[in-house]
Amino acid sequence: MSRHGAAAEASRLDRRLEALNEARELAAGALPEDVLDGVLQVLDRASSRRSLSADHTVVGFFGATGSGKSSLFNAVSGAEIATAAARRPTTSEPLAGIWGAAGSDELLDWLAVRNRHHASPVPGFADEGTGLILLDLPDFDSTRAANREIVERMVGLVDVLVWVLDPQKYADAAVHNDFLTPLASHGAVTLVVLNQIDRLAAHEIAPVLESLKAILARDGLSKVQVIGASAVVGTGVDKVRAAIRQVASQRQAQSQRLGADVTRAAARLAEASGQGESAGVKAASKARLAEELSVAANVPLVVEAVVRSYQLESARRTGWPVTRWLVRFRPDPLRRLNLRREGARAELNRTSLPPAGAPERARTDAAVREFADAASDGAPGPWRAVIRGAARDGREQLPDALDQAIASTELKAGSKAWWWAGFNIVQWLALLTALGGFAWLGVLAALGYLQLSVPPVPLVEGWPVPTVMIAGGALLGIVLAVLAKFITGAAARARGAAARKRLKASVAAVAEDLVVEPVELEVSRLASFHKALQAASR
C-alpha cells in the first residue's frame, strides 16, 4: 500500500485513540478501575509504539514447546539465527533478526530485546530497505514462569503475530483459550502456520488444515490466513515469507495492530458497561419531582398563610371601622412563619416552618428515588447506579435549601390592593355620617331636655334626616364590609395562587440545582460515552 494509504490509516487511528481515551475518561467512576486501567495501558502502549520507528514492522513468532517455531524462524530468515536444540524449551529470551538496522535500536529497547542479529538480505523477502524485525520468542507453554511472562508481554507489543502450531497440538486449549480467542479482533495482523506437515501423510494434510480453520473460526478468527509448512523440508516457507513481506511492505501493520487493540479495549468497555443506551430526564418527571418536594417543603401551608394573611390585612383596612380593630388581636400567620419581613433581606433569614420530620423526609427520598429511576430507565447497569447516585448526592442538602428557597421567595402578601383605599374612605364617610346623625339627634334631645325651643328636623320621604343618616351610614358600612369580604376572598385566592406559583418555581429551582442538573450531567456523560465508544470501534 502507498505511503498515502498508510498515512490515512494512521490518521484514522489518531481519531480512534482520541475517542477511546475520551470514553475512558467519561467512564471514570462508573466502570471498574481494572477495566479502565486496561484501556489506559492500551493507550500508553499505542503512544509509545507510535513514537518509535514507523518504518519497521515487528513480527513475533509464537509457539508451544516442540512446535518447531525456532526452526521455522530460521527457515524464513534464511539463516541459522535461532539455535534449534533437541532440549526443550529451546528459547529462553527473545531474539531478533533485523533487516534495516537504522532506527531499530530504540524500538528493540522498548521491546526489551537484547539479542539482536542483523540478518543478511533474502532475495524476494527482505533487505535493508524492508524495515523488518522478526522475533523468535520463548515457548508459551514453557515450565518457566519468566518465559510465559515474556510471551504475554510480547503478545501485546508486536505488530504482527505468527502462531506456529504443529499437527499434534494444534487444537490445544491453552493456545486457543489463552491467546487466540482473546485476540479475535487481531485477525488482520495474525498469521497461523501449521508447521511439521511433513509428519503427516499427504492425504491427511488437507483435513488437518480444515480442522484447524474450523477451530480458528470458533475462536473468532475465521478470516485469518492459515499456511501449512515444514521448516525441515522447506514446504510452505515461501508462502510464510510472502505473507510477512506483504504485511511489511504495506507498512500498515503497526496501525492495524493498534487499531485491533483499540477495538478490543472498546469491546471491554462496552462489556463492562452492559446492555442498554437510552436514558433521559423527561419534563413530566421534573414536574413530578418539583410537586412532591413542594408538598414536603410545606408549600401548601405557606400558601394558606398567604391567603389568611391577605384576608386579615384586607379586613383591617376595609372592614367596618366599628369592629375592624378586633382584627388586630388575630396573629398574622405569615409573621408566625417568619415570612413577613418588610425591609429585611429574606435570603439571610430562615422560616419558622415545621422542621422536616420522618414523613417529609420519606416523601423527599421517595420523590428523588422516583425521579432517578425514571431518568435511568433503560441505561446500562453501572450507569443506572451512577445516575441514581447523582440524584442522591444532593438529598441531604434539600431540606435546608428548600427552606431557604421559601424564605427567599417574594410572596407579595403585604402589598396593598388598589381597592382598599376607596373602600376605607367610603367606610369612614359612612361612619362619620352615622355619627353625624347621632350628634344631630343628641343636640335635639339636649334642647328638649333643657326645655328650649327645638327646631324642626328636615324629613326625607317622611323620615327624619338624622335618623336617615344613622341608618344609612350603618347600613352602608355593613354592606361595604360584606362586599369587601367577598372581594377579599377572590383576591386572596388569586394572591395565594400567585404565591403558589412563585414558591413552586423556587422549589423547582432547588430541585434543578441539587437533583436534576447532576442527573442530566450523568445522562449526558452516558450519551457522550456511547458516542465516543462508537467512534473508537470504527
Are [X] and [Y] packed together at the side-chain level, in the sense that at least one heavy-atom pair is separated by less than 4.5 angstrom?
| X | Y | result |
| --- | --- | --- |
| Thr364 | Leu293 | yes |
| Leu183 | Arg264 | yes |
| Val368 | Leu398 | yes |
| Val192 | Tyr170 | no |
| Leu514 | Arg395 | no |
| Leu503 | Ile406 | yes |
| Asp14 | Arg50 | yes |
| Ser211 | Ile215 | yes |

Inspect the surroundings of [atom1] in [X] and state if more than 12 heavy atoms from other residues, nucleotides or ligands are less than 6.0 Å away.
| X | atom1 | value |
| --- | --- | --- |
| Gln168 | CD | yes |
| Arg45 | CZ | yes |
| Glu152 | CD | yes |

Could you check whether any side-chain N or O of [X] sits under 3.5 Å from a backbone N or O of [Y], counting only pairs where one atom can act as donor and the other as acceptor?
| X | Y | value |
| --- | --- | --- |
| Asp141 | Thr65 | yes |
| Asp219 | Thr181 | no |
| Arg16 | Gly259 | yes |
| Arg24 | Leu40 | no |
| Ser285 | Val281 | no |
| His186 | Gln256 | no |
| Ser249 | Gln246 | yes |
| Ser524 | Glu520 | no |
| Lys504 | Ser294 | no |
| Asp172 | Val175 | no |

Name the residue from Leu134, Val160, Thr57 that meets the side chain to side chain contact (heavy atoms under 4.5 Å, CB included) definition with Ile244.
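Going through the options one by one, the only one that passes is Leu134.
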Identified side chain to side chain contact (heavy atoms under 4.5 Å, CB included) counterpart of Val226 within the set Leu165, Val193, Leu209:
Leu209
Glu25 versus Asn21, side-chain donor and acceptor atoms under 3.5 Å
yes
Please round to the nearest 0.5 Å and tell me the distance separating atom [atom1] of [X] and atom [atom2] of [Y].
| X | Y | atom1 | atom2 | answer |
| --- | --- | --- | --- | --- |
| Gln252 | Leu13 | CD | CG | 11.0 Å |
| Arg500 | Arg493 | CZ | CZ | 12.0 Å |
| Trp110 | Ser48 | CH2 | OG | 6.0 Å |
| Leu26 | Leu533 | CG | CG | 10.0 Å |
| Trp163 | His176 | CH2 | NE2 | 10.5 Å |
| Lys213 | Gln225 | NZ | CD | 9.5 Å |

From CA spacing to verdict: side-chain contact (heavy atoms from CB on, under 4.5 Å), Arg495, Val307
CA-CA 7 Å; Arg495 191 157 295 202; Val307 171; over 6 Å; no
Quick one: closest heavy-atom pair of [X] and [Y], and the distance?
| X | Y | result |
| --- | --- | --- |
| Ala265 | Leu20 | CB-CD2, 3.9 Å |
| Ile227 | Ala243 | CD1-CB, 4.2 Å |
| Ala290 | Val507 | O-CG1, 3.8 Å |
| Leu135 | Val113 | CD2-CG2, 4.1 Å |
| Ala379 | Leu526 | CB-CD2, 3.7 Å |
| Ala253 | Val189 | O-CG1, 3.8 Å |

One thing to verify: whether [Y] and [X] come together as a salt bridge, which I'm taking to mean a side-chain N less than 4.0 angstrom from a carboxylate O.
| X | Y | answer |
| --- | --- | --- |
| Glu9 | Arg12 | yes |
| Asp261 | Arg49 | no |
| Glu18 | Arg15 | no |
| Arg153 | Glu149 | no |

What do the steps show when you test Ser376 against Trp383 for side chain to side chain donor-acceptor pair (under 3.5 Å), and what is the final call?
CA-CA 8 Å; Ser376 63; Trp383 294 93; over 6 Å; no
Could you walk me through whether Glu512 and Lys286 pass the side-chain contact (heavy atoms from CB on, under 4.5 Å) test, one step at a time?
CA-CA 8 Å; Glu512 186 78 21; Lys286 293 169 64 173; 3.4 Å; yes
Between Phe140 and Phe179, is the ring centre distance below 6.0 Å?
yes
Check the pair Glu522 / Arg525 against salt bridge (charged side-chain N to carboxylate O under 4.0 Å, His left out), numbers first and verdict last.
CA-CA 5 Å; Glu522 295 303 331; Arg525 185 157 72 105; 2.7 Å; yes
One pair to check against side-chain contact (heavy atoms from CB on, under 4.5 Å): Leu269 and Leu36. What are the steps and the verdict?
CA-CA 8 Å; Leu269 283 178; Leu36 300 179; 3.9 Å; yes
Candidate list Arg288, Arg388, Arg392, test salt bridge (charged side-chain N to carboxylate O under 4.0 Å, His left out), partner Asp373, passing option:
Arg388
